[in-house]
Every structure is written in structure tokens, then in C-alpha cells.
Amino acid sequence: MEERPETELISIPATPRVSTPEILTPTGQRSPRPPSKEAKSSTAWTPTSFISPRFLSPIGTPMKRVLINMKGYLEEVGHLTKLNPQDAWLPITESRNGNAHYAAFHNLNAGIGFQALVLPVAFAFLGWSWGILSLTIAYCWQLYTLWILVQLHEAVPGKRYNRYVELAEAAFGERLGVWLAVFPTAYLSAGTATALIIVGGETMKLFFQIVCGPLCSSNPLTTVEWYLVFTSLCIVLSQLPNLNSIAGLSLIGAVTAITYSTMVWVLSVSQQRPITISYEPLSMPSPSSSVFSVMNALGIIAFAFRGHNLVLEIQATMPSTFKHPAHVPMWRGAKVAYFFIAACLFPVAIGGYWAYGNLMPSGGMLNAIYAFHGHDIPRGLLAITFLLVVFNCLSSFQIYSMPVFDNFEASYTSRTNRPCSIWVRSGFRVFYGFVNFFIGVALPFLSSLAGLLGGLTLPVTFAYPCFMWVLVKKPTKFSFNWYFHWTLGWLGIAFSLAFSIGGIWSLVTSGLKLKFFKPS
């Protein structure tokens with residue numbers, strides 16, 4: 001019998017394996033992605049490439065069974081991972097039992113909230129055509145960049161980018177990625193938390209006035225005191241340890257957001273419109289003021305689509321294997337969430353502008369309902385609406401604060417090489433809550449703050465994902481894919497600069513009108 005050459009017995013890889021070891025907790029081990037069509041045709045090494053039919057053919061049945069079982073194990077586990085114990089101590093990566101339902105809850109809680117209530121303010125400056133067109137383009141654009149982030153979470157075999165900053169470092173380089181991503185993501189989390197304190201405190205004050213009526217008007221709490229009450233409630237709820245532990249709060253936030261968004265626009269369109277209503281865009285005293293107002297309005301629309309700074313963090317809470325990668329349940333949950341987000345944002349923006357036109361107060365829909373229909377709508381219905389807004393703000397505060405808590409604890413654990421005690425963790429969260437409280441007291445201009453936030457954080461949602469897709473996926477240079485993503489990215493940067501200028505102008509003019517803020 002002719003002896004086979006040794007080269008026919010064992011398939012030797014033509015190229016060495018190149019992969020970045022995954023830094024994950026033991027509950028979240030990850031195996032490489034399934035090879036693409038191009039990879040299948042190449043000779044790239046995979047964990048089970050040496051267990052081929054040609055290799056198994058001369059081996060006896062018992063040994064063959066052992067190797068087949070080992071092949072299945074390697075397909076499930078992937079490869080040996082370098083486990084970083086620090087990830088098991090941090091709020092985002094501490095728990096890995098997330099699923100598609102959790103993803104839907106978190107995305108809904110992060111993607112819809114008080115920012116929907118100020119969308120009609122943007123329509124008052126843009127009018128019907130430009131308002132609807134801008135809102136539609138922004139929705140489609142951000143949905144595409146959301147898909148990009150979900151795909152890039154596991155773009156490198158054996159590596160999961162658990163945080164937005166980690167992906168930015170991988171795409172732009174360690175130093176540039178930190179400079180580009182840390183400020184807007186931290187500003188988005190802190191700015192959103194500040195705005196939530198403003199909205200939550202003011203809504204609690206309105207709720208108290210409606211429920212208590214004239215009986216409690218002798219010595220009511222001031223606006224700042226209501227901010228303090230709301231902040232204290234946020235701090236109590238923030239003691240939940242990790243992102244998965246607040247899934248129940250995210251569900252409450254999602255349900256309350258959908259409910260009160262529907263109630264707000266239904267109550268508005270069911271009432272008689274003001275006699276002096278007009279749908280002409282608000283006129284400003286000078287052309288430059290008109291331009292800045294439009295830029296601020298577009299910034300408010302951009303801020304309505306927040307939450308992209310949390311996409312990778314939400315996906316990091318899910319287990320991921322070769323057969324069941326995390327991007328599948330994440331995208332399934334995100335699609336459900338953004339269907340409901342569209343079903344809330346568009347009716348609120350269109351219905352609110354139809355009901356109030358350019359008479360819309362700068363505070364948004366809640367102020368408009370209270371000002372125009374406070375005596376027409378039953379007090380119980382108004383009270384329930386305001387209470388739902390408070391519950392949603394409390395839930396949203398938790399998920400937007402979680403990346404900041406993660407950064408605090410990462411800094412502590414990297415220096416001490418031990419997990420945070422319950423007292424240290426509580427101290428971080430109390431400190432963060434009161435910092436946002438003081439910022440809210442100093443900057444109580446909600447609509448202006450929304451435009452500025454939308455401008456400064458717009459690259460996180462609309463620009464950076466496009467750049468990162470090109471730098472990580474590396475499409476063919478000068479191809480349509482290459483041009484498309486570079487164009488979208490630079491358009492996002494240009495819009496960010498323009499909207500930020502508009503937001504700053506609106507903030508300055510609001511401050512000049514009020515001179516000094518004197519809380520009531």
C-alpha cells in the first residue's frame with residue numbers, strides 16, 4: 001500500500017492566526033465570528049481548521065469521536081481568552097445574562113423620553129415641510145448608524161468592544177480615540193442627566209399643584225427644592241449595581257414613555273386649538289437670528305435621537321458564542337425598540353405642532369397642555385400624565401448614568417486592583433447625582449440646552465459610526481461604500497458645528513432675557 005505524503009495528512013495553515021484576545025468576564029466568553037464567503041475560500045486559520053475530514057480519515061473511530069467532540073467544543077468556546085478580572089467588577093460587564101428583551105427595554109428607555117416633548121418647539125421654527133423632512137432624515141440616518149455600531153461590536157474575531165470609547169480607540173487610535181469619544185459621550189450622559197433633573201423636578205412641581213390644588217398653596221416647595229427631591233430619588237435608585245440589574249427599571253421607563261407620549265398628543269389634538277394659532281415659522285428680528293434659531297431647532301431634532309453612546313454597553317451585557325453571537329439578539333431588540341420610538345416621536349412632533357403651532361412654549365408639550373388646557377382636561381388625567389413623565393425621567397437617569405458610574409469604578413479598580421466596596425460605589429453615585437443637581441440649578445434653560453446637547457453630541461450618533469466603519473471594516477478605497485461613509489461622517493461633523501453654534505446662541509439669548517435665574 002502506497003504511503004501518503006505527510007503533507008496530505010495534516011492541513012498546515014498558509015497564514016498565521018491574527019486575533020486580539022478578548023478581555024471579558026468568565027460568563028461572557030466569545031468565539032470568533034463565522035467566516036465570510038471570502039474567508040471560506042481562503043486558507044486563514046480557524047480554531048477547528050486542523051480537524052478536517054482529511055485529518056480524520058486515517059484515525060480510528062474512538063479517536064475520531066473524541067476529536068469531533070473537541071471540534072464542537074472549540075466551535076462553542078472559540079479560543080482561549082485572556083480574562084481581565086477588572087471587567088467582572090465594573091457595572092457594564094459585571095453581568096452577562098442579557099437577551100433581546102433586555103435590549104429592547106434598554107433601547108426604548110434610552111431612545112425615548114423628555115426630548116420628544118420639545119420636538120414641537122423645533123417645528124415652530126422650521127414649519128411643516130422642513131420639520132417633517134428633518135425628522136425623517138434624522139431617524140433613518142441614526143437607525144443606520146445604530147446598525148453599524150451593532151455590527152462593529154464584534155468586528156474583530158475574539159474581541160468585543162464593550163464600550164463606545166473602546167471602539168473609538170480601535171478605529172482612531174488610542175490617543176485620538178479618547179479625545180474624540182470621551183468628551184461627547186461623557187457630556188451626553190451628564191447633560192442628559194441634568195436635563196432629566198430639570199424636567200423631572202418641574203414635572204413633580206406641576207403634579208403636586210394639580211393634585212393638591214389650592215389647599216397646599218400657602219407654603220409650596222420652590223423649583224430648586226423640587227430638583228433636590230427628584231435628585232434624591234435618582235440617587236436612591238442608582239444603588240442598583242449593574243446594567244442588567246436595571247432591566248426592570250428600563251421596562252418601566254419604556255412603558256411610561258410610550259404611554260405618556262401617546263396621552264400627550266392625543267390630549268392636545270382632542271382639544272380646541274387656540275384662536276390665534278399660526279403655522280408660519282417664528283420670525284426673528286434679523287436674518288442672522290433666524291439662521292441661528294433654525295440651527296438650534298435642528299439641534300433639538302438631533303438630540304431627540306440619543307442613546308447611541310449606550311448601544312455597545314447594552315450589547316456587552318449579552319453572552320456571545322460562535323453559534324449565537326450577541327449582535328443577533330441585540331439587533332432584534334433594537335428593531336422593536338425603534339419601531340416604538342418612531343411611533344412616539346412622529347405623532348408627538350406632528351400632533352403637538354398641529355395643536356399649538358408657533359404658540360408652542362419653549363418648555364415643550366407639558367407646558368403647552370398646562371397653559372392652554374389646564375382647566376379643560378380633567379385634573380386626574382393631567383396628574384397621571386405628569387406622574388408617568390416623572391417615572392420615565394427616573395428610569396432614564398439610571399441608564400444614562402451607568403457609563404459614568406462605570407468610568408468612576410474603572411478608575412478606582414485600576415488603581416487599587418480590587419473591586420469597589422458598597423460604600424465607595426454609593427459615594428460615587430451620590431457625588432454624581434449632586435453634581436448634576438447643581439448644574440441643573442445653574443442652567444435651567446431646557447430648550448436651549450437640548451439644542452446645544454444635540455449639536456455637541458451629534459458626532460456620537462451621526463458621524464463617528466460612519467468613520468469607524470471605514471477604519472475597522474476597511475472597504476475598497478474609492479468605492480461607493482467608502483465614499484458613502486466618509487460623506488455621511490463629514491456631513492455629521494459639519495452639522496455638529498452648525499447646531500452647536502445655534503445652541504450657544506439660543507442659550508446666550510435666553511440668559512440675556514432672564515439676566516439672573518431666580519427660582520420660584
Side-chain angles (χ1 to χ4, degrees), residues 13 15-36 38-40 42 44-49 73-98 103 145-178 180-182 185 243 308-331 403 406-407 410 413-414 464-465 467-475:
T15 57
R17 170 190 174 192
V18 179
S19 65
T20 305
E22 184 186 18
I23 303 175
L24 291 177
T25 63
T27 56
Q29 292 184 354
R30 162 77 169 88
S31 60
R33 282 180 166 279
S36 60
E38 293 80 9
K40 289 181 180 179
S42 65
W45 189 90
T46 63
T48 57
S49 59
Y73 172 78
L74 290 175
E75 286 179 346
E76 184 66 22
V77 175
H79 55 78
L80 295 178
T81 58
K82 180 182 178 182
L83 302 177
N84 184 0
Q86 185 184 7
D87 277 339
W89 302 335
L90 301 181
I92 290 176
T93 51
E94 189 175 47
S95 174
R96 298 277 189 172
N97 59 355
T145 55
L146 174 72
W147 177 84
I148 288 177
L149 291 175
V150 171
Q151 298 301 315
L152 291 181
H153 177 75
E154 300 171 290
V156 177
K159 171 70 177 177
R160 294 178 71 179
Y161 299 110
N162 298 317
R163 296 161 183 87
Y164 195 99
V165 177
E166 292 180 8
L167 181 58
E169 290 177 355
F172 301 114
E174 186 173 351
R175 180 172 299 180
L176 182 60
V178 168
L180 291 177
V182 167
T185 53
L243 189 55
H308 282 52
N309 62 312
L310 299 170
V311 170
L312 297 175
E313 284 80 354
I314 295 171
Q315 195 168 348
T317 64
M318 301 180 182
S320 185
T321 63
F322 181 85
K323 295 181 179 179
H324 304 286
H327 71 85
V328 176
M330 178 64 188
W331 182 237
D406 188 84
N407 288 333
T413 55
S414 63
Y464 291 166
F467 292 145
M468 291 189 288
W469 177 268
V470 175
L471 296 174
V472 174
K473 288 294 188 179
K474 293 181 173 57

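- The two residues Met318 and Ala103 have their closest heavy-atom pair at CE-CB, 3.2 Å.
- A donor-acceptor pair is defined here as one N or O able to donate and one able to accept, closer than 3.5 Å; such a pair exists between the side chain of Glu166 and the backbone of Asn162.
- Among all heavy-atom pairs drawn from Met468 and Tyr164, the shortest one is CE-OH, 3.8 Å.
- In terms of modelled atom types and a separation under 3.5 Å, the side chain of Arg163 and the main chain of Leu312 share no donor-acceptor contact.
- The distance from the OG1 atom of Thr317 to the CG atom of Leu243 is 5.5 Å, given to the nearest 0.5 Å.
- In this structure, Phe467 CZ and Thr145 OG1 are separated by 12.5 Å, a value rounded to the nearest 0.5 Å.
- Separating the CG atom in Leu167 from the NZ atom in Lys159 is a distance of 10.0 Å, to the nearest 0.5 Å.
- Judged purely by atom type and a 3.5 angstrom limit, Thr93 uses its side chain to pair as donor or acceptor with the backbone of Asp87.
- The salt bridge (charged side-chain N to carboxylate O under 4.0 Å, His left out) search around Glu169 returns none, not counting sequence neighbours.
- In this structure a side-chain-to-backbone donor-acceptor pair under 3.5 Å is present from Lys474 to Leu471.
- Ring planes of Tyr464 and Phe172: perpendicular class, angle over 60° (limits at 30 and 60°).
- Side-chain N or O atoms of His327 include none that pairs as donor or acceptor with a backbone N or O of Gln151 at under 3.5 Å.
- Residues satisfying the side chain to side chain contact (heavy atoms under 4.5 Å, CB included) test with Ile148, not counting sequence neighbours, are Tyr144, Leu152, Pro465, Trp469, His485.
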